[in-house]
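Everything on this sheet refers to the single structure shown next.
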Amino acid sequence: MDLALLRTFVAVHRAGSFTRAAALLGLSQPAVTSQIRTLEQQLGRPLFLRQARGVTPTTIGDELAHKAAPHLDALVEIAETGLDEDSSLRTLHLAGPPEFTAERALPALTELTGEHGQGFALRASFGNAEETLEGLAAGHHDLAITTARPRGALLTATALCDEEHVLIADPGWASHVSAAKLRRKDAHVLESLPVVEVHESLPFVARYWASVFDSRPAASGTVIVPDLRAVLACAVTGAGLAVLPRYLCASALERGAVVALLEPAVPPLRTYFLAVRTGTLAMPHIARAHEQLLRAASDWS
């Protein structure tokens with residue numbers, strides 16, 4: 001079986017589209033279509049179901065990708081690394097949410113870089129769960145940190161850590177809220193406060209309300225900024241209440257810049273996963289980074 005055909009097949013499987021695979025491979029779409037058709041003729045079985053938007057792998061297509069992709073990745077590793085000693089410094093491509101990646105993942109990994117480290121360079125990019133998993137499947141990233149567990153056999157995920165969410169506001173706003181009512185979990189009292197969030201849909205506040213109050217928030221966003229660190233900065237200056245990961249606001253809580261409006265017995269949690277393409281943990285630089293992050297996560301609270 002022609003390895004070039006397999007490489008094209010894996011690219012289409014990961015990209016979910018002939019067009020996207022062609023862009024990744026530097027080929028024309030007709031060339032990709034022709035190669036997939038040739039491979040299907042050789043196997044005597046269809047590998048993809050053509051749809052209006054992209055393609056979906058058949059059962060045989062998924063099985064072939066599961067078997068072939070790790071070996072193709074290993075061959076690419078050999079080709080890119082070479083056999084001489086000067087090529088030992090590999091580049092690790094990491095993707096994840098900006099705040100968690102910047103505050104936790106990157107500090108844990110940078111000790112493995114540089115001439116005194118474990119021998120790899122590091123490149124990071126930020127994105128949401130869908131973007132990072134798509135990039136991982138397409139081969140743009142080696143590791144992806146995500147709050148969504150990937151499905152299928154192409155990607156493998158390991159639970160990394162749980163993130164506790166805290167309802168906070170600056171002391172000025174907190175003084176307007178009755179502690180007695182908060183102990184009774186009266187969400188209506190809290191909804192009289194302005195809200196700082198990362199999106200108009202209030203994803204963090206809505207998740208907190210569903211978990212703690214078993215309801216949907218009636219409030220709307222007063223300040224919307226697309227970064228949790230900016231949300232914290234706005235909350236500290238009195239812009240309103242916010243729901244943030246405890247690790248991100250722990251320092252502000254400790255120095256009294258913000259206060260926790262409620263300490264539920266069972267706080268809302270969100271799980272992070274560390275995802276790789278199946279089989280790529282055989283590559284030493286990816287395996288070292290994977291192990292380092294899991295080890296560091298055991299100390300995160």
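Fair warning: this is a prediction, and the values are worked out from it, not measured in the lab. Because only heavy atoms are used, hydrogens play no part in the values below, and waters and symmetry mates are left out as well, while side chains stay in.
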Output for pair (Asp142 CG, Thr91 OG1), nearest 0.5 Å, gives 9.0 Å

Over 12 foreign heavy atoms within 6.0 Å of CZ, Arg151:
no

What's the shortest heavy-atom distance between Gly256 and Pro171, and which atoms?
O-CG, 3.4 Å

Can you tell me how far apart OG1 (Thr271) and CG (Asp162) are? Round to the nearest 0.5 Å.
4.0 Å

Given side chains that start at C-beta, do those of Leu106 and Leu122 come closer than 4.5 Å, heavy atoms only?
yes

Is there a donor-acceptor pair closer than 3.5 Å between any side-chain N or O of Arg20 and the backbone N or O of Ala15?
yes

With clusters defined by side-chain heavy atoms of hydrophobic residues (ILVMFWY) lying less than 4.5 Å apart, directly or transitively, does Leu269 cluster with Val166?
no

Between Val10 and Leu3, is there a shared hydrophobic cluster once you connect ILVMFWY residues whose side-chain heavy atoms come closer than 4.5 Å?
yes

Cluster overlap Leu155 with Leu94, hydrophobic side-chain contacts below 4.5 Å:
no

In short, Gly238 meets Trp173 closest at the heavy-atom pair O-NE1, 2.7 Å

For residues 17-48, pull every pair meeting ring pair (Phe, Tyr, Trp, His ring centres under 6.0 Å), keeping only residues two or more places apart or in separate chains.
Phe9-Phe48

Where do Ile168 and Leu244 land on the side-chain contact (heavy atoms from CB on, under 4.5 Å) test, with the steps shown first?
CA-CA 7 Å; Ile168 60 101; Leu244 291 171; 4.0 Å; yes

How long is the straight-line distance from NE2 of His141 back to OG1 of Thr146, given to the nearest 0.5 Å?
11.0 Å

Cys234 and Val196 have their tightest heavy-atom pair at CB-CG1, 3.8 Å

Check salt bridge (charged side-chain N to carboxylate O under 4.0 Å, His left out) between Glu63 and all other residues, then give those that pass, not counting sequence neighbours.
Lys67

Counting C-beta onward and ignoring hydrogens, is there a side-chain heavy-atom pair between Tyr272 and Pro97 closer than 4.5 Å?
yes

Trp300 and Phe100: CA distance, side-chain angles, deciding distance, ring-ring contact (aromatic ring centres under 6.0 Å, His included) verdict:
CA-CA 12 Å; Trp300 295 337; Phe100 187 91; 5.6 Å; yes

Side chains of Val231 and Glu197: closer than 4.5 Å at any heavy-atom pair?
no

Arg270 atom CZ, over 12 foreign heavy atoms within 6.0 Å:
yes

Side chains of His93 and Ser125 in contact at under 4.5 Å (non-hydrogen atoms)
no

Can you check whether Gln35 reaches Leu27 side chain to side chain, under 4.5 Å on heavy atoms?
yes

Correct closest heavy-atom pair for Cys161 and Ala297 would be CB-CB, 4.3 Å

So do the side chains of Pro98 and Arg229 get within less than 4.5 Å of each other, counting heavy atoms only?
yes

Without swapping roles, check the side chain of Ser211 against the backbone of Arg207 for a donor-acceptor pair under 3.5 Å.
no

Between atom CG of Leu47 and atom OG1 of Thr56, what is the distance when rounded to the nearest 0.5 Å?
13.0 Å

Group every Ile, Leu, Val, Met, Phe, Trp and Tyr by side-chain heavy-atom contacts under 4.5 Å, then state whether Phe273 and Leu294 land in the same group.
no

Applying ring pair (Phe, Tyr, Trp, His ring centres under 6.0 Å) as the test, list every pair that has at least one member in residues 216-237; sequence neighbours left out.
none

Is there a path of hydrophobic side-chain contacts, each under 4.5 Å between heavy atoms of I, L, V, M, F, W or Y residues, that connects Val195 with Leu167?
yes

Partners meeting salt bridge (charged side-chain N to carboxylate O under 4.0 Å, His left out) with Arg149 (sequence neighbours left out)
none

Contacts of Arg255 that satisfy salt bridge (charged side-chain N to carboxylate O under 4.0 Å, His left out) - sequence neighbours left out:
none

Any side-chain heavy-atom pair from Ile286 and Leu92 closer than 4.5 angstrom?
yes

Is it true that, when you exclude Gln51 itself, more than 12 heavy atoms of the residues, nucleotides or ligands shown sit nearer than 6.0 Å to its CD?
yes

Donor-acceptor under 3.5 Å (Glu99 side chain, Leu228 main chain):
yes

Steps toward side-chain contact (heavy atoms from CB on, under 4.5 Å) verdict (Asp170, Val236)
CA-CA 6 Å; Asp170 92 299; Val236 167; over 6 Å; no

Output yes when a side-chain donor or acceptor of Arg14 lies under 3.5 Å from a complementary backbone atom of Ala137, and no otherwise.
yes

Show me the pairs that pass ring pair (Phe, Tyr, Trp, His ring centres under 6.0 Å) and involve residues 190-211, at least two apart or across chains.
His165-Phe204, Trp209-Phe213

Tell me the closest heavy-atom pair linking Thr132 and Ala95, and the distance in Å.
CG2-CB, 3.8 Å

Does Arg45 form a side-chain contact (heavy atoms from CB on, under 4.5 Å) with Thr58? I'd like the steps, not just the answer.
CA-CA 9 Å; Arg45 305 289 290 275; Thr58 62; over 6 Å; no

What's the verdict on side-chain contact (heavy atoms from CB on, under 4.5 Å) for Leu64 and Leu6, showing C-alpha distance, side-chain angles and the deciding distance?
CA-CA 9 Å; Leu64 179 60; Leu6 279 178; 4.2 Å; yes

Between atom CD of Glu40 and atom CG of Leu5, what is the distance when rounded to the nearest 0.5 Å?
11.0 Å

Does Arg104 count as lying over the ring of Tyr247, i.e. NZ or CZ under 6.0 Å from the six-ring centre, within 45 degrees of the axis?
yes

Side chain proximity check, Leu143 to Leu293, heavy atoms < 4.5 angstrom
yes

Closest non-hydrogen atoms of Leu274 and Leu160, given as atom of the first, atom of the second and distance, are N-CB, 4.3 Å

Spatial distance of atom CZ (Arg288) from atom CE (Met283) [nearest 0.5 Å]
13.0 Å

